[in-house]
Amino acid sequence: MASASPPAAPLQVLRWTSRTQVFREKRDGLELAMLLIPAGSFVMGSPPQEQERDDHEGPQHRVELGEFLLGRTPITQAQWRAVSQWQPLPAERWGRELDPEPSFFQPRSNPKARGFGDGRFSLLEGETDSDQRPVDNVSWLEAIEFCSRLSQRTGRPYTLPSEAQWEYACRAGSTTAFHFGETITPELANYDGTSTYADGSKGEYRKQTTPVGTFPANAWGLHDLHGNVWEWCLDHWHDSYEGAPADGSAWENLAEPNNKATIKKGNNSDSEHQSRLLRGGSWLNYPRYCRSAFRFDLRPGNRSLYIGFRVCCLPQD
């Protein structure tokens with residue numbers, strides 16, 4: 001008979017420098033690198049003079065955050081496959097089924113392993129499979145199920161980052177449109193390189209995801225925060241930051257009048273149908289959508305070949 005979930009083992013320190021502390025979660029076929037994001041404060045949102053900004057990126061406001069752990073990269077296809085194939089132990093309860101192979105960008109016989117529209121899949125130099133591509137075509141509800149399984153199996157509180165945690169980690173102390181400066185080029189991120197932002201140059205439009213970690217990390221060691229795949233956050237959508245939390249917590253308020261999600265009569269629950277936040281832009285998007293402050297939303301049951309996620313974990317003593 002299967003045993004109960006083993007007790008949580010301490011996260012193993014892989015590397016520590018004055019800039020980055022990296023921990024490794026290793027359990028039942030899953031290997032996950034988490035970075036310690038330091039406590040601090042930042043000004044969230046974009047200034048009125050930022051090029052191509054939207055009104056819902058303001059008003060700017062200061063947020064104070066405690067430290068937390070964040071995935072060094074978006075969750076990969078290999079990581080997703082490992083967790084989705086776990087069988088529940090007696091003390092564990094899975095909430096919904098997870099497709100082990102949801103991604104469009106994979107060279108397998110799965111019928112979803114195909115391009116869509118302008119998208120295509122081709123192995124890049126050095127690739128033998130798509131295991132290190134970010135998982136795509138995953139809904140918010142499925143990402144939450146992934147986090148729930150990971151929490152139950154490890155004994156640690158894994159979840160999606162709040163919108164504030166995501167932007168704070170993305171900026172890593174920067175105040176510019178992107179964590180690497182005021183503009184972006186296809187050598188720095190995976191997006192539609194046929195379009196430009198500010199004085200950036202045109203370049204390659206890859207029309208597919210790229211392996212995580214392909215492009216330079218930000219100052220805190222995080223990869224793929226601009227482009228590649230949109231990343232789900234915990235928060236419900238709000239049209240502005242008026243009334244937003246100042247402590248970095250997720251803004252979840254079902255009664256908020258300016259939440260633009262429509263609740264359909266007869267649905268199972270409000271939370272399963274109100275829009276949730278996405279951040280970071282994707283391989284499909286123009287560079288303006290990849291800015292640190294840009295916000296996007298979709299219903300939590302939606303999935304697409306340009307949507308993925310990364311996980312967050314509060315540190316434990």
Side-chain angles (χ1 to χ4, degrees), residues 19-20 35 37 42-54 57 70-76 104-105 115-127 130 132-136 163 166-231 233 278-296 304-310:
R19 186 182 72 173
T20 305
L35 272 62
I37 307 301
F42 81 116
V43 176
M44 187 173 181
S46 62
Q49 68 272 17
E50 185 165 301
Q51 293 187 41
E52 302 188 58
R53 79 182 292 271
D54 289 324
E57 295 169 24
L70 190 65
R72 181 163 56 186
T73 70
I75 293 297
T76 66
F104 279 76
F105 296 109
F116 180 80
D118 282 336
R120 64 178 187 273
F121 179 86
S122 59
L123 289 171
L124 304 177
E125 184 177 355
E127 275 192 300
S130 60
Q132 295 308 304
R133 301 283 184 107
V135 68
D136 65 81
E163 185 184 16
W166 191 96
E167 186 173 329
Y168 175 66
C170 174
R171 289 188 179 279
S174 67
T175 59
T176 49
F178 306 93
H179 65 67
F180 35 66
E182 292 290 0
T183 191
I184 186 172
T185 68
E187 290 72 40
L188 296 173
N190 181 17
Y191 63 96
D192 182 352
T194 64
S195 183
T196 63
Y197 181 85
D199 60 354
S201 59
K202 291 185 179 181
E204 184 178 4
Y205 177 21
R206 298 172 179 89
K207 299 184 179 181
Q208 62 177 322
T209 56
T210 47
V212 299
T214 296
F215 300 96
N218 73 0
W220 289 347
L222 298 162
H223 292 270
D224 296 294
L225 292 154
H226 301 306
N228 218 4
V229 288
W230 287 97
E231 299 181 16
C233 295
L278 293 127
R279 286 302 205 104
S282 78
W283 61 268
L284 179 67
N285 295 115
Y286 296 146
R288 69 176 294 263
Y289 298 106
C290 301
R291 291 176 296 114
S292 299
F294 190 83
R295 311 168 70 224
F296 180 52
S304 183
L305 73 171
Y306 51 77
I307 295 175
F309 69 104
R310 76 178 71 211

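What you are looking at is a predicted structure, and each value in this text was computed from that prediction instead of being measured.
Thr214 OG1 to Asn190 CG: the interatomic distance, rounded to the nearest 0.5 Å, is 8.0 Å. Here the CD1-OH distance, from Ile37 to Tyr168, works out to 8.0 Å after rounding to the nearest 0.5 Å. Distance check: Trp166 CH2 to Leu225 CG gives 5.0 Å after rounding to the nearest 0.5 Å. Summarising the geometry, atom OH belonging to Tyr286 is positioned 6.5 Å from atom OG1 belonging to Thr194; distances are rounded to the nearest 0.5 Å. Within the model, atoms CZ of Arg72 and CZ of Arg310 stand 11.0 Å from one another, a figure rounded to the nearest 0.5 Å.
For Asn285 against Tyr191, the heavy-atom pair with the smallest separation is O-CB, 3.5 Å.
With hydrogens and angles ignored, the 3.5 Å screen pairs no side-chain donor or acceptor of Asn228 with any backbone N or O of Val212. Between the side chain of Arg53 and the backbone N or O of Pro47 there is at least one donor-acceptor pair closer than 3.5 Å. The main-chain N or O of Gly213 is found under 3.5 Å from a side-chain atom of Asp224 such that the two form a donor-acceptor pair. The closest donor-acceptor contact from the side chain of Thr196 to the backbone of Ser201 lies at 3.5 Å or more, if one exists at all.
The side-chain heavy atoms of Gln208 and Arg133, taken from C-beta on, include a pair separated by under 4.5 Å. In this structure, Ser130 and Phe121 have side chains that are in contact, with non-hydrogen atoms separated by less than 4.5 Å.
Enclosure of atom CD in Gln49 by more than 12 non-hydrogen atoms of other residues, nucleotides or ligands within 6.0 angstrom is indicated.
Put simply, the residue from Trp230, Tyr289, Tyr306 that forms a ring pair (Phe, Tyr, Trp, His ring centres under 6.0 Å) with Phe296 is Trp230. With Arg291 as reference, Glu57 is the one residue of Gln51, Glu52, His179, Glu57 to meet the side-chain hydrogen bond (donor to acceptor under 3.5 Å, both in side chains) rule.
Separation of the Phe215 and His226 ring centroids does not fall under the 6.0 Å cut-off.
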